[in-house]
2 protein chains.
Amino acid sequence: MIETDVLVVGGSAGGILAALSAKKTYKDKKVTVVRMTKKVMVPCGIPYIFGTLKDTAKNVIPDSMLTNAGIDIIIDEVLKIDKDNNLAVTRENGEIKYDKMIMATGSLPLMPTFIPGYDIENVYPIKKDEDYLKIVQESINNANDIVVIGGGFIGVEMAEQIKALDKNVTLIEIADKLLWQAFDAEYSDMVEAIIKQKGVVIKTNTKVTKILGETKVEGVELENGEIVKADIVILGMGVVPNTKLAKETGIKLNEKGAIVVDEYMRTSAANIFAVGDCAEKKCFFTRKNVPILLASTAANEAKIAGVNVFNLRLVKENKGTISAFSTKIYDTAFAAAGLTEVQAKKEGFDIVIGEFSTMDKHPGSLPNAKSIKMKLIFSRYSGVIIGAQISGGESVGEMINILSLAIQKGLTASELNTFQTATHPLLTASPVSYPINSAALDALSKM
Amino acid sequence: MIETDVLVVGGSAGGILAALSAKKTYKDKKVTVVRMTKKVMVPCGIPYIFGTLKDTAKNVIPDSMLTNAGIDIIIDEVLKIDKDNNLAVTRENGEIKYDKMIMATGSLPLMPTFIPGYDIENVYPIKKDEDYLKIVQESINNANDIVVIGGGFIGVEMAEQIKALDKNVTLIEIADKLLWQAFDAEYSDMVEAIIKQKGVVIKTNTKVTKILGETKVEGVELENGEIVKADIVILGMGVVPNTKLAKETGIKLNEKGAIVVDEYMRTSAANIFAVGDCAEKKCFFTRKNVPILLASTAANEAKIAGVNVFNLRLVKENKGTISAFSTKIYDTAFAAAGLTEVQAKKEGFDIVIGEFSTMDKHPGSLPNAKSIKMKLIFSRYSGVIIGAQISGGESVGEMINILSLAIQKGLTASELNTFQTATHPLLTASPVSYPINSAALDALSKM
């Protein structure tokens, strides 16, 4: 029988980082990852397989990350867990005896069983399996007309990537704006304008009532009766926690089917932790359950579980997700963290907005300088930042993480007005108009 | 007689931002900037005039920043201040009556009067004056052999830019490493290797004893007797506070000649504030005086002075400089904040180092992905971050500002291990190996 000190079930972002953190913290312990796929796809890299990378092999997280750290990998499926005896029963390798287990079983694409035709040929949910993605890629390459259902990050990124292959792409979103979970209208509208300008047909406020075709996709039917021709349909309608194993083990789930965890990522079962998409997510601001399933959130939880797996070392670090997002649509990066203006108002916050625009290099005449647009959302009375949205060049990708940290540490507008930064002509905005400082001052002047 | 509520003396980064902050905060007050130059150069952009921009006109901070905000500009020199009667005496415009004054008179290049020949023709300190810089530019364009004295940021950036014009460039530094104020040896060595590979001759540990030439530069003589041929010499030996006016006004200076200021940027004279290179700088960690004269530091102080000029609104925000730097040498960005390992040890800190390397996009196979190298320095017992150094692609420019904020807020290694970030394949490292999180874990595992 295989024995290990820590058994991590699942090998994507959450599983990898839980294993690495456990091994780095408890050097003498044996850490083993059991996962179903031979290779692991970079989860957020999947859309870029189709246009930019053109090869699933380029989107692999190398096993050397684990093996170099002295972590064992077993390719197998855990069929059952005997939690009272600390045993995992696998399909190929029999029982594995563990001391501690970290479940990182991830999520599965939401299948729209409410849309007739969802299960015919050439309807593709986005799964994190290399062999499957190769089939999707071939199918995309051979198609002319492609409908993407769902205008969240996966849907928008898939539409952008597939359009680069010179296909007819229609992106359909049921809500009135793309990326509405992360951005207020002025930013969503920018995203929409950019994609539209590249020739993607966008249909917001639009419900798909049927996927048409005898055996293979021929089109989709919309609520207003319109039919959009399609050779294939890509589904980007969200994901649901993959918790069948946890449920069968008798681990407590919440009403959405996610594993209930405490501040230290411990489940209701002794010695079993859970991290990532399979574990429930709380909102940083309200503690409500939120469906924000991101690799970066998984990574954060994985570190907490890994470091705490034998002793509690990180105290109250699972503070709830602040929903930090970033993406790049053609040449423009978009990023957000915390609450949008719409969400903040809906929750009942009394807010003050600070805004600023500037160039991301200084002088702005430098080659490749791009305009940055920033919106910060503060709680009026506490003065604390609760949300941020940015568009601009690639530097936006790390700039949002300054604001993400600021939100997590409860910084105020006056602190953000005067916090010290490094600035350089080729790398940042001018110190005279550093956008975080300036947007914070804009908010201060309204408080 | 001209009257104004706020008179800002000096029109570079500190002056502009002091005026803007005052006007944004006190909308009904009249704010006036008096400055000597017709146009204002982006200070940190000056090296890039010579290679990248090729035109001083492209390196101008537009006056519209001030005029659009309703701020008056007077091109003139303040000759005298009658601080008891709140009067500034100018060369062209007679007396200006003010209610509050913010001095932002900046700095002047350090002139090496101890090097014979420092004052002959074709020896160029870097001044922030457009007409002067046009002369320097023409002189550089006509030269073949150029010696740059001083291996700090200005010297290194000048050497990189001039080399791009296909000149013979020798960079001479008296200390044993380039950029030693900001980086430990392993990062300085990377900078040195990159520049050397592009053909710049680097002489560290080298003292210039004489600038040779009857009336014009012909070469420089080194301590070991070696002579380096040169048509022109660029001086990048640092700057000194420009405080003649403050001194004559009877404002208290420190032993280095910088204006003494309090937590609110107030000088010893009632109603007179001082910001930027002319004001004294304290170290964030030790409160010692430090010679870190940066536009970004000036900007930070300017905001504090501007917002506080009529009422104290920002409490204890002048926390001392954390010395946050960034630059880009050819394709590699370098950045630092806080103390280096050498400085921390010298000050007597018991430290733990956390290090990590990864790619700045994920998967690393994406086009233009670059390797990031990060070093974090923590105080062992408090666990608090006191320093950071990074090299990598352009995202380093904002990544250092995450760490800059972390240092200012006293974040611990465990907080930095688990702080939540936005990650995206095209914009950041993988969530599995986000470098700040991972370098913090590396340090934690050694504590």
Side-chain angles (χ1 to χ4, degrees), chain A residues 13 16-17 21 24-25 42 44-45 48 52-53 58-59 61 295-296 299-300 303-304 314 317 321-322 324-328 333 335 337 362-363 365-366 394-395 397-402 404-406 408-409 414 417-428 430-432 434 437 441 445, chain B residues 13 16-17 21 24-25 42 44-45 48 52-53 58-59 61 295-296 299-300 303-304 314 317 321-322 324-328 333 335 337 362-363 365-366 394-395 397-402 404-406 408-409 414 417-428 430-432 434 437 441 445:
Chain A
I16 292 170
L17 203 50
S21 296
K24 188 109 189 171
T25 309
V42 176
C44 350
Y48 301 98
T52 305
L53 298 172
K58 287 191 178 165
N59 193 49
I61 302 183
S296 50
N300 178 46
K303 286 166 239 167
I304 297 168
L314 296 178
E317 283 296 324
T321 179
I322 60 151
F325 302 98
S326 56
T327 190
K328 192 178 173 196
H362 64 284
S365 56
L366 279 163
E394 289 198 356
S395 65
E398 292 298 348
M399 199 183 289
I400 196 63
N401 290 330
I402 304 170
S404 180
L405 181 59
Q408 290 166 70
K409 293 299 294 178
S414 70
N417 177 28
T418 59
F419 99 91
Q420 295 175 51
T421 59
T423 57
H424 187 270
L426 305 178
L427 301 172
T428 70
S430 159
V432 176
Y434 189 74
N437 296 152
L441 179 60
S445 74
Chain B
I16 293 170
L17 202 50
S21 296
K24 188 111 188 169
T25 309
V42 176
C44 350
Y48 301 98
T52 305
L53 298 172
K58 287 192 177 163
N59 192 48
I61 302 183
S296 50
N300 178 46
K303 286 166 237 165
I304 297 168
L314 296 178
E317 283 295 324
T321 179
I322 60 150
F325 302 98
S326 56
T327 190
K328 191 178 174 196
H362 64 284
S365 56
L366 278 163
E394 290 197 356
S395 65
E398 292 298 348
M399 198 182 289
I400 195 65
N401 290 329
I402 303 170
S404 179
L405 181 59
Q408 290 165 70
K409 293 300 293 177
S414 70
N417 178 29
T418 59
F419 100 92
Q420 295 175 50
T421 59
T423 57
H424 187 271
L426 306 178
L427 301 173
T428 71
S430 157
V432 175
Y434 188 74
N437 297 152
L441 179 60
S445 74

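Note on naming: letters A, B, ... go to the chains in the order of the sequence lines (proteins, then strands), and numbering restarts at 1 for each one. Worth knowing before you read on, the calculation uses all heavy atoms, side chains too, and leaves out hydrogens, waters and symmetry mates.
- When all heavy atoms of A:Leu314 and B:Thr418 are compared, the closest pair comes out as CD1-CG2, 3.4 Å.
- Annotation: maximal heavy-atom pairing with chain B below 4.5 Å, among A:Thr25, A:Asn300, A:Thr321, A:Leu17, occurs at A:Asn300.
- Heavy atoms closer than 4.5 Å to chain B are found in both the backbone and the side chain of A:Ile322.
- Paired with A:Asn59 under the rule side chain to side chain contact (heavy atoms under 4.5 Å, CB included), one option of B:Pro363, B:Pro425, B:Ser365 passes, and it is B:Pro363.
- No donor-acceptor pair under 3.5 Å is formed between the side chain of B:Ser296 and the backbone N or O of A:Pro431.
- Rounding to the nearest 0.5 Å gives a distance of 7.0 Å between OG1 of A:Thr327 and CG of B:Leu427.
- Contact between B:Glu398 and A:Met399 at its shortest, heavy atoms only, is OE2-CE, 3.2 Å.
- Heavy atoms closer than 4.5 Å to chain B are found in both the backbone and the side chain of A:Ser395.
- Residue A:His424 holds its NE2 atom at 13.5 Å from CD1 of B:Ile400, rounded to the nearest 0.5 Å.
- Both the backbone and the side chain of B:Leu366 come within less than 4.5 Å of a heavy atom of chain A.
- Of the listed residues (B:Ser21, B:Ala422, B:Ala324), the one with the most heavy-atom contacts under 4.5 Å to chain A is B:Ala422.
- In this structure, chain A has a heavy atom under 4.5 Å from the side chain of B:Thr52, while its backbone stays farther away.
- Interface remark: A:Val42 contributes side-chain atoms only to the contact with chain B (heavy atom separation under 4.5 Å).
- The part of A:Leu53 that comes within reach of chain B is its side chain, from C-beta onward, which places non-hydrogen atoms under 4.5 angstrom from that chain.
- When heavy atoms are compared at a cutoff of 4.5 Å, B:Gln408 approaches chain A solely by way of its side chain, counted from C-beta outward.
- Of the atoms belonging to B:Ser414, heavy atoms from both backbone and side chain fall under 4.5 Å from chain A.
- Residue B:Leu426 touches chain A through both its backbone and its side chain, counting heavy-atom pairs closer than 4.5 Å.
- Contacts with chain B were tallied for A:Leu441, A:Ile61, A:Ile304; A:Leu441 has the most, counting heavy-atom pairs under 4.5 Å.
- Scanning both residues, B:Cys44 and A:His362, for their nearest heavy atoms gives SG-NE2, 3.7 Å.
- If you tally non-hydrogen atom pairs under 4.5 Å between each of A:Ser445, A:Ala299, A:Gly397 and chain B, the highest count goes to A:Ser445.
- For the pair B:Ser404 (side chain) and A:Gln420 (backbone), a donor-acceptor distance under 3.5 Å is present.
- Both the backbone and the side chain of B:Ala13 come within less than 4.5 Å of a heavy atom of chain A.
- For the residue pair B:Phe419 and A:Asn401, the shortest heavy atom distance occurs at CE1-O, 3.7 Å.
- Considering all non-hydrogen atoms of both residues, A:Lys303 and B:Asn437 come closest at NZ-OD1, 2.5 Å.
- When heavy atoms are compared at a cutoff of 4.5 Å, B:Phe325 approaches chain A solely by way of its backbone atoms N, CA, C and O.
- At a 4.5 Å heavy-atom cutoff, the contact between A:Ala295 and chain B is made by backbone and side-chain atoms alike.
- If you measure heavy-atom distances from B:Lys58 to chain A, the contacts under 4.5 Å come from both the backbone and the side chain.
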